[in-house]
Amino acid sequence: MDSVHSEPEESQQSAAVYPMRLQKFLARAGIASRRGAENLMTAGRVKVNGEVVAELGSKVDPLSDSVEVDGMLVEWGADPVSLILNKPAGYVTTMNDPQGRPCVAELVPTEEHPGLYPVGRLDRATRGLLLFTTDGELGHGLLHPSHHVHKTYLARVEGLPTESDIKQLAEGIELDDGITAPADVVLKDSDVETSLLQMTIHEGRYRQVRRMCRAIHHECIDLQRISFGPLTLENVVEGQWRYLTEKETEALQCAVGKQC
Ligand code: URA
């Protein structure tokens with residue numbers, strides 16, 4: 001993982017890091033995506049030390065230059081960044097895979113936000129909502145069992161689970177690392193060979209949903225996470241990411257007992 005801790009403190013950053021390209025500066029300051037920042041520049045909306053800078057290769061030193069967008073001073077390094085990735089199947093949840101497999105780091109803007117890391121994991125075959133943040137405290141809080149952050153999955157399983165199977169999943173089922181906590185489980189539909197279960201769990205054990213399905217003898221053949229706490233996959237197609245809205249950021253802070 002490219003951890004937050006590998007990023008030097010602002011005051012210690014060397015001349016090798018600064019100056020940096022203006023669009024990178026704007027993206028890292030949370031103003032816009034790299035592409036959005038380029039658009040702001042070419043539209044003449046960005047000034048450095050009072051002068052409009054529209055040329056995309058232009059450099060800036062965050063420690064000594066004053067940057068404005070639409071007349072507003074841009075603060076450097078103040079705000080942490082969080083985003084949602086809609087992870088496709090086939091990607092490992094790691095920021096660096098020594099085995100060279102496709103990994104989620106390839107799908108998120110690590111250059112603009114070097115401290116970005118995934119909050120929890122989805123296994124390689126699982127698709128759906130994966131939160132990334134540069135805010136270590138928030139990420140840690142969201143994974144802490146005391147906050148009971150719920151996660152909802154759609155699990156396509158082989159065959160048709162009985163009412164008794166679903167009751168077992170919902171009430172708690174024995175896995176090799178202990179009985180699972182109560183979950184919400186709904187049979188959404190079924191066809192000749194498979195069924196779709198919607199499962200909301202409050203734990204985050206290794207391959208938990210797949211193991212729960214296996215425990216009732218209905219192998220999971222496709223798994224998608226559709227929500228994580230207050231976050232959903234709204235407005236983010238598979239393979240793409242988007243920043244959290246202000247409302248979503250507030251809701252996450254609330255989920256870890258900060259500001260509500
Ligand atoms: N449960 C699983 O089985 N896999 C995941 O990736 C997440 C939850």
Side-chain angles (χ1 to χ4, degrees), residues 1 82-97 99 101-108 116-133 138-159 161 165-188 194-234 236-241 252 255:
M1 179 170 91
S82 299
L83 58 88
I84 290 170
L85 171 71
N86 188 342
K87 175 190 174 299
Y91 284 78
V92 184
T93 304
T94 175
M95 297 309 275
N96 174 27
D97 185 49
Q99 295 174 49
R101 296 170 297 182
C103 66
V104 293
E106 295 160 28
L107 303 174
V108 293
L116 210 54
Y117 75 100
V119 179
R121 264 166 205 277
L122 290 178
D123 67 53
R124 190 172 170 190
T126 297
R127 313 179 282 127
L129 199 161
L130 188 58
L131 172 69
F132 285 75
T133 188
L138 175 68
H140 181 73
L142 288 166
L143 294 181
H144 199 278
S146 65
H147 291 124
H148 303 288
V149 173
H150 58 270
K151 298 126 198 154
T152 300
Y153 296 85
L154 289 177
R156 174 72 58 188
V157 298
E158 288 174 350
D165 290 331
I166 289 172
K167 190 159 174 262
Q168 276 191 72
L169 291 177
E171 289 181 352
I173 190 155
E174 191 69 44
L175 300 180
D176 50 15
D177 54 356
I179 194 155
T180 58
D184 295 317
V185 183
V186 180
L187 175 66
K188 298 292 279 186
T194 69
S195 307
L196 188 66
L197 296 175
Q198 180 172 305
M199 299 171 58
T200 301
I201 61 174
H202 303 85
E203 304 171 285
R205 298 197 218 167
Y206 175 70
R207 294 173 73 92
Q208 180 167 345
V209 174
R210 291 180 190 275
R211 290 191 296 136
M212 288 170 76
C213 296
R214 182 168 292 171
I216 56 158
H217 309 292
H218 290 273
E219 195 69 25
C220 181
I221 51 180
D222 181 50
L223 186 60
Q224 182 189 27
R225 180 154 72 188
I226 57 169
S227 77
F228 180 85
L231 307 177
T232 68
L233 284 173
E234 196 180 337
V236 52
V237 298
E238 199 163 284
Q240 304 284 308
W241 61 271
L252 275 189

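Nothing fancy with the numbering, it's 1 onward along the sequence. When a ligand or atom number is given, it counts from 1 through the structure's own listing order.
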Find out whether Arg101 and Thr94 are in side-chain contact, i.e. whether some heavy atom of one side chain is under 4.5 Å from a heavy atom of the other.
no
Side chain proximity check, Met212 to Ile201, heavy atoms < 4.5 angstrom:
yes
Polar side chain donor-acceptor pair, Arg210 to Thr126, under 3.5 angstrom
yes
Looking at every heavy atom in both Lys87 and Arg124, which two are closest together, and how far apart are they?
NZ-O, 3.1 Å
Among Leu233, Leu129, Thr152, which one satisfies side chain to side chain contact (heavy atoms under 4.5 Å, CB included) with Phe228?
Leu129
Quick one: closest heavy-atom pair of Leu130 and Thr93, and the distance?
CD2-CG2, 3.9 Å
So if I only count non-hydrogen atoms and take anything under 4.0 Å from ligand 1, which residues does that give, chain by chain?
Leu122, Asp123, Thr126, Tyr153, Arg207, Gln208, Val209, Arg210, Leu223
